[in-house]
Amino acid sequence: VQYQAPEKDARFLMFDVFQAQKIWANIPALQEFSEDLVNAVIAEAARISGEVVAPTNQPGDAAGCEWRDGQVFTPSVFKEAFAELTQGGWLGLAGNPEFGGQGMPKMLASLIEEMMWAANTSLYLYGTLTVGASLCIDAHGTPEQKALYLPKLYSGEWTGAMALTEGHAGTDLGIMHTRAHPQADGTYQITGTKIFITGGEHDLADNIVHLTLAKLPDAPAGSRGISLFIVPKFLPAQDGSLGARNGWASGSIEHKMGIRGSATSVINYEGATGYLLGEENQGLAAMFTMMNYERLSVGIQGLGSGEIAYQQAAGYAKERLQGRAATGPENAEGAADPLLVHPDVRRMLLTQRAMNEAGRAFAVFVGMQLDLAKYADDPQAQVLSELLTPVAKAFLTDNGFQGAVLAQQVFGGHGYIREWGVEQVVRDARIGQIYEGTNGVQALDLMGRKTLRDGGGALRRFVDHMAQSEVDETHQKALNEALDRLVRVTAFLVDHADADKNLPGAVSTDFLDLFGLTIYAWLWAMMVKAAPADEFGDAKRATASFFFTRLLPRSIGLEHSICNSSDAVMALPEALF
Ligand SMILES: Cc1cc2nc3c(=O)[nH]c(=O)nc-3n(C[C@H](O)[C@H](O)[C@H](O)COP(=O)(O)OP(=O)(O)OC[C@H]3O[C@@H](n4cnc5c(N)ncnc54)[C@H](O)[C@@H]3O)c2cc1C
């Protein structure tokens, strides 16, 4: 099945559900984006993702990347598609117009990103890291740094990479070894070894700009002593011309379960020249600008995987003939009925569809909060986007992976072999749950920093917002019950977390799932309210009803498992593991 970007759903979300035009009318920076312009961007992104990017997906996986003497070669089919992506300005879509970006709203960019992720996850990784690096430089760079790096990154002539992880320091970056020694000329000498660096070295761009975390010699211990540096592959002059090769190199690339077209390097920094980005010892906070962007984007990666998997499985279930419908033959002329007649196959497809369509609405909603925070200086939107970022990263990637596995199941044995491509989606989707902060760490962030720290205040305000929205009355009661449940569970956690120190960690993943399901219930009730009286609307209503009947009740079980003590998790002594 050829990937088809969900154009109609994208327009429905932008203009019918979230009414972007009304919001943008009050924001000077976004007023110029008319419905026609947005529709044209969506249509062109749909064309590129389907016709240019998607055809490189399977060949890129088969070819993989190659390391030779420090040089890294990406699949040859990637070159042209990446050039088209960059020359079309897709990496600068939401970038700062002062430096060559197009200043488009994140709401829209979220939808476009999904298309690119779905079409080819490995290829788009080179893009997303570039977008993330430019965001970080835009937020923390000096005027000279912005003028030098941003135009090159927006145009994709140079790409970005994010160098945090070391062999012994993954989740716990505070214990990293990489060092930065200040030089007389104001630069720093970077020495150390980073691992797992996506797009750290490759052959798709003229220069590769690492944003690297390292510690100054006199830095305070732990995560308060980390600084952030721009460490380019070639040292550029202020006019952007490339000078000497910098002192770092790829030591090897990893052989991975999936995203095989994405080059993951060990990077050895041997006295490489680095330029401080932001303030000394404030590097982790600055890096979070990039990481928060990447977290939402990786969430959307999960969504893209879920969507392409669904499209493949739905297409297959209509064609493949096996067995007969329980109510009598539906394809009496044929040897058997299509898979789609079987309720269990429908359960799998509808689960994927319900999670994908709510997930898409969720990504657009988070994008909208980022726009409001950035362009309308709305402090509540900033708090809300911070609350929702870990949920977007983890819930979207968990459901994207589960959707891919469900699609594989719909294919039966044919889902396990290479030819149909769905096993690649499973392999590619899995990493979303692991990198960019594991989903376990996202759940701890939601629980600790975002919920318990303010006594559940931000979460409570978001619940009020959801409760006051206009939703379809068919689902109002179920939504109210779900919101009450979330409030009840949050209050339980706020009340018990102090006395039972292991409780938050013991139930954080369940809590994130409960929060995610509740948000999806709200989004489904909003989508039904906005759904038109046509086939598209009928599909929304039917999928919503599946969500409320078959998926939302999982939240009842989650409440039971969360509102407990940590005893069951902590009782087994180490020696018995
Ligand atoms: C293909 C790939 C690409 C990557 N790309 C990049 C990149 O571009 N740049 C970069 O810097 N890194 C990158 N990474 C690294 C990635 O972000 C880390 O692997 C990830 O953050 C987890 O770190 P770790 O592997 O050291 O696992 P660990 O930190 O050892 O964690 C192992 C397990 O323990 C859990 N855990 C750890 N600490 C805690 C805690 N305090 N509380 C509860 N649970 C905990 C984790 O959730 C996890 O399940 C990449 C990794 C891969 C595999």
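Only heavy atoms go into these numbers, but all of them, side chains included; no hydrogens, no water, no symmetry mates. Counting starts at 1 for both ligands and their atoms, in listed order.
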Give the intermediate values and the outcome of side chain to side chain donor-acceptor pair (under 3.5 Å) for residues Lys152 and Asn207.
-> CA-CA 9 Å; Lys152 296 287 188 190; Asn207 202 3; over 6 Å; no
At what distance is the nearest protein heavy atom to [atom], and which residue and atom is it?
atom                    : value
atom 45 (C) of ligand 1 : Val441 CG2, 4.7 Å
atom 26 (O) of ligand 1 : Gly170 CA, 3.1 Å
atom 38 (N) of ligand 1 : Thr171 CG2, 3.6 Å
atom 6 (C) of ligand 1  : Phe196 O, 2.6 Å
atom 21 (O) of ligand 1 : Gly437 N, 4.0 Å

Any idea how Tyr124 and Trp117 line up, ring-wise: parallel (<30°), tilted (30 to 60°), or perpendicular (>60°)?
-> perpendicular
State plainly whether the residues [X] and [Y] are in salt-bridge range, i.e. N to O under 4.0 Å.
X      : Y      : result
Arg449 : Glu386 : no
Lys215 : Glu280 : no
Glu201 : Lys233 : yes

Mark up the atoms of ligand 1 that fall under 4.0 Å of a heavy atom belonging to [X], in ascending order.
X      : value
Leu444 : 42 (N), 43 (C)
Met162 : 7 (C), 8 (O), 9 (N), 10 (C), 11 (O)
Glu436 : 17 (O)

From CG (Asp513) to CG (Asp398), nearest 0.5 Å | 6.5 Å
Between Thr178 and Tyr269, do the side chains contain an N or O donor and an N or O acceptor separated by less than 3.5 Å?
->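 Side chains of Thr178 and Tyr269: no pair found under 3.5 Å.
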Exercise: do Asn356 and Gln352 side chains pair donor with acceptor under 3.5 Å |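 No pair is found: no donor N or O on one side chain lies under 3.5 Å from an acceptor on the other.
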Between [X] and [Y], what is the shortest heavy-atom contact and its length?
X      : Y      : value
Ala219 : Gly225 : CB-O, 3.3 Å
Ala163 : Ile197 : CA-CD1, 3.6 Å
Leu446 : Leu387 : CD1-O, 3.7 Å

Does the gap between the ring centers of Tyr416 and Phe411 come in under 6.0 Å?
-> no
Between Tyr126 and His202, ring centroids under 6.0 Å =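 Between His202 and Tyr126, which both carry aromatic rings, the centre distance is below 6.0 Å.
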Heavy-atom protein neighbour under 4.0 angstrom from [atom]:
atom                    : result
atom 29 (O) of ligand 1 : yes
atom 8 (O) of ligand 1  : yes
atom 17 (O) of ligand 1 : yes
atom 32 (C) of ligand 1 : no
atom 35 (C) of ligand 1 : no

Has ligand 1 got any nitrogen or oxygen that is less than 3.5 angstrom from a nitrogen or oxygen of [X]?
X      : result
Thr165 : yes
Thr438 : yes
Leu129 : no
Thr198 : yes
Leu164 : yes
Ile195 : no
Asp172 : no

Heavy-atom distance to atom 52 (C) of ligand 1: which of Asn439, Ile431, Ile434 wins?
->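 Result: the heavy atom closest to atom 52 (C) of ligand 1 is in Ile431.
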Report the part of Lys256 in contact with ligand 1, treating N, CA, C, O as backbone and CB onward as side chain, heavy atoms under 4.0 Å; options are side chain, backbone, both, neither.
->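 Only the side chain of Lys256 comes within reach of ligand 1.
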